[in-house]
Participant: 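Before anything else, here's the structure in question.
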Amino acid sequence: MQTHFSLAQLADPHVAEAEKILRTCVHCGFCTATCPTYVLLGDELDSPRGRIYLIKDMLENDRPATEQEVKHIDRCLSCLSCMTTCPSGVNYMHLVDQARVHIEKTYVRPPRDRLMRAMLARVLPYPDRFRLALMGAMVGKPFAPLLAKIPGLKPLAAMLRLSPGMPNGRAPHEAPGTFPAQGQRRARVALLRGCAQPVLRPEIDDAAIRLLTRLGVEVVRVAGEGCCGALVHHMGREEEAHAFARNNVDAWTREMDGPGLDAILVTTSGCGTPIKDYGHMLRLDPAYKDKAARVSAITRDISEFLFGLGLPKAPAPLGRKVAYHSACSLQHGQKVKGPPVELLRAVGFEVAEPFDPHLCCGSAGTYNMLQSEIADQLKAKKVGTLEALSPDIIAAGNIGCMAQIGSGTGVPVAHTVELLDWAMGGPAPAGFSGTAKAA
Ligand code: SF4
Ligand code: SF4
């Protein structure tokens, strides 16, 4: 794609990066076929190629974002399916990130939208605030259908509809500390606590810790770490996202330089993608760029790490069918597709994938609240293709997808590590009882 940035514009490293990305796009349009919003809405401006044109125009003319640009870029899920499809290697992730920062800096959203976004940014990244908000949501939930009819309050209605009821209290494993390996130690890892997951489903990290320690891995909850910054990053709130990233880089660097870490493990793939990108995110910060790159280099999704470690093979099939939903952040953001399926098969589950595995379920961080109508349609499609497999259970590696899909189906939904742990003697995930072997 030809670009026309001035030399003065290109002196800004952000613009120079955007120009480089834009120039790799050859307008072929292959990406449109795998873009969930284009498939659903059929509008070129809701396709990757259309958004790339909008971003180019906005950045090249160095002008405030328009209402139309904001509308179509807000509708992007950041699922990164387009990056998997693109034959030209366009880094859409870094381009849309820049567009979101530009929008945040130059566009004045309507007051209710601003309020909603500020509230999400102030609440979701902090587990204790999130717990309080969920308690409040229990009171407001019956009013969700009413609020959904008021223009501008749809995000609030969606938030109430998605709230799961009474939140979990603090789990013992949330506090800083060490879980020693059983037998000979094979590795020492930090396990990211995260922000929403411990509130919604602390059993995931219970399972991860049991599984890892049983396999000879020492697990550390590092003092001082917090939210990965993904939620605010996707809203274009760059300063806040960078502050979260720096905080975590500091916490993990202390641990790496002290007792040492072989890996930083993440059980929420939506957090893994930005942490693996910290090196890029902080590349212009001389005090942090090297430390951040070091952190990114040892960050792994839990399934990647377990796959490298190897699990004992099941002596016989378990007689349980799992429909595996591949989270976008895992398959497109981190290119981790095979390991979760192979691990589940290795421990004895029968695993099937839906016919549209590349398409997003509509969760996408705060998307299912801010763009609830599109998110609901994507959820209905995804639930339909997963249920068509007639599974006993649905598995995913991201709490956002689990909550989104779980709100649309009666089939139990579990995290991949909960199922692996169950097959290896751990307790049954929610919705099941007894052993992993079918009766
Ligand atoms: S990130 Fe997803 S929704 Fe956004 S343009 Fe790419 S494929 Fe479409
Ligand atoms: S597939 Fe890649 S090169 Fe082709 S239009 Fe989409 S982003 Fe551009």
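Every value quoted in this text rests on a predicted model; they were computed, and no experiment measured them. Numbering of ligands and ligand atoms starts at 1, following listing order.
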Participant: Between atom 8 (Fe) of ligand 1 and Cys35, is there an N, O or S atom separated by less than 2.8 Å?
Facilitator: yes

Participant: Measuring only between side-chain heavy atoms, which start at C-beta, is Arg109 closer than 4.5 Å to Val70?
Facilitator: yes

Participant: Give the atoms of ligand 2, by number and element, whose distance to some non-hydrogen atom of Gly29 is under 4.0 Å.
Facilitator: 4 (Fe), 5 (S)

Participant: Counting each atom of ligand 2 from 1 as listed, which ones have a heavy atom of Ile52 under 4.0 Å away?
Facilitator: 7 (S)

Participant: With a 4.0 Å heavy-atom cut-off (strictly under), which part of His27 contacts ligand 2: side chain, backbone, both or neither?
Facilitator: backbone

Participant: Distance only, no hydrogens: is a donor on one side chain within 3.5 Å (strictly under) of an acceptor on the other, for Gln197 and Asp205?
Facilitator: yes

Participant: Is there a side-chain contact between Thr385 and Lys382 in this structure, where contact means two heavy atoms from C-beta onward sitting under 4.5 Å apart?
Facilitator: yes

Participant: Taking only Lys NZ, Arg NE, NH1 and NH2, and the carboxylate oxygens of Asp or Glu, determine whether Arg122 and Glu240 approach each other closer than 4.0 Å.
Facilitator: yes

Participant: Under 3.5 Å, is there a donor-acceptor pair between the Gln331 and Thr84 side chains?
Facilitator: no

Participant: With Lys291 as the cation and Tyr288 as the aromatic partner, state whether NZ or CZ is under 6.0 Å from the six-membered ring centre and within 45° of the axis.
Facilitator: yes

Participant: Under 4.0 Å from a heavy atom of Arg51: give me the atoms of ligand 1 that qualify, with their elements.
Facilitator: 3 (S), 4 (Fe), 5 (S), 8 (Fe)

Participant: Could you tell me whether the side chain of Leu284 reaches within less than 4.5 Å of the side chain of His14, counting heavy atoms only?
Facilitator: yes

Participant: Check each atom of ligand 1 against the heavy atoms of Leu80 and keep those under 4.0 Å away; list them by number with element.
Facilitator: 1 (S), 2 (Fe)

Participant: Whether the Arg23 and Thr3 side chains hold a donor-acceptor pair (N or O, under 3.5 Å, no angle test) is what I'd like checked.
Facilitator: yes

Participant: Do the rings of Phe432 and Trp422 sit parallel, tilted or perpendicular, given the 30° and 60° boundaries?
Facilitator: tilted

Participant: Using a strict cut-off of 4.0 Å, indicate which atoms of ligand 1 neighbour a heavy atom of Leu77.
Facilitator: 3 (S), 4 (Fe)

Participant: Does a side chain donor of either Ser47 or Thr32 reach within less than 3.5 Å of an acceptor in the other side chain?
Facilitator: no

Participant: For atom 2 (Fe) of ligand 2, which protein N/O/S atoms are closer than 2.8 Å?
Facilitator: Cys86 SG

Participant: For atom 4 (Fe) of ligand 1, which protein heavy atom lies nearest, and how many Å away is it?
Facilitator: Cys76 SG, 2.3 Å

Participant: Just to confirm my output: which protein heavy-atom neighbour is closest to atom 2 (Fe) of ligand 1, and how far is it?
Facilitator: Cys79 SG, 2.3 Å

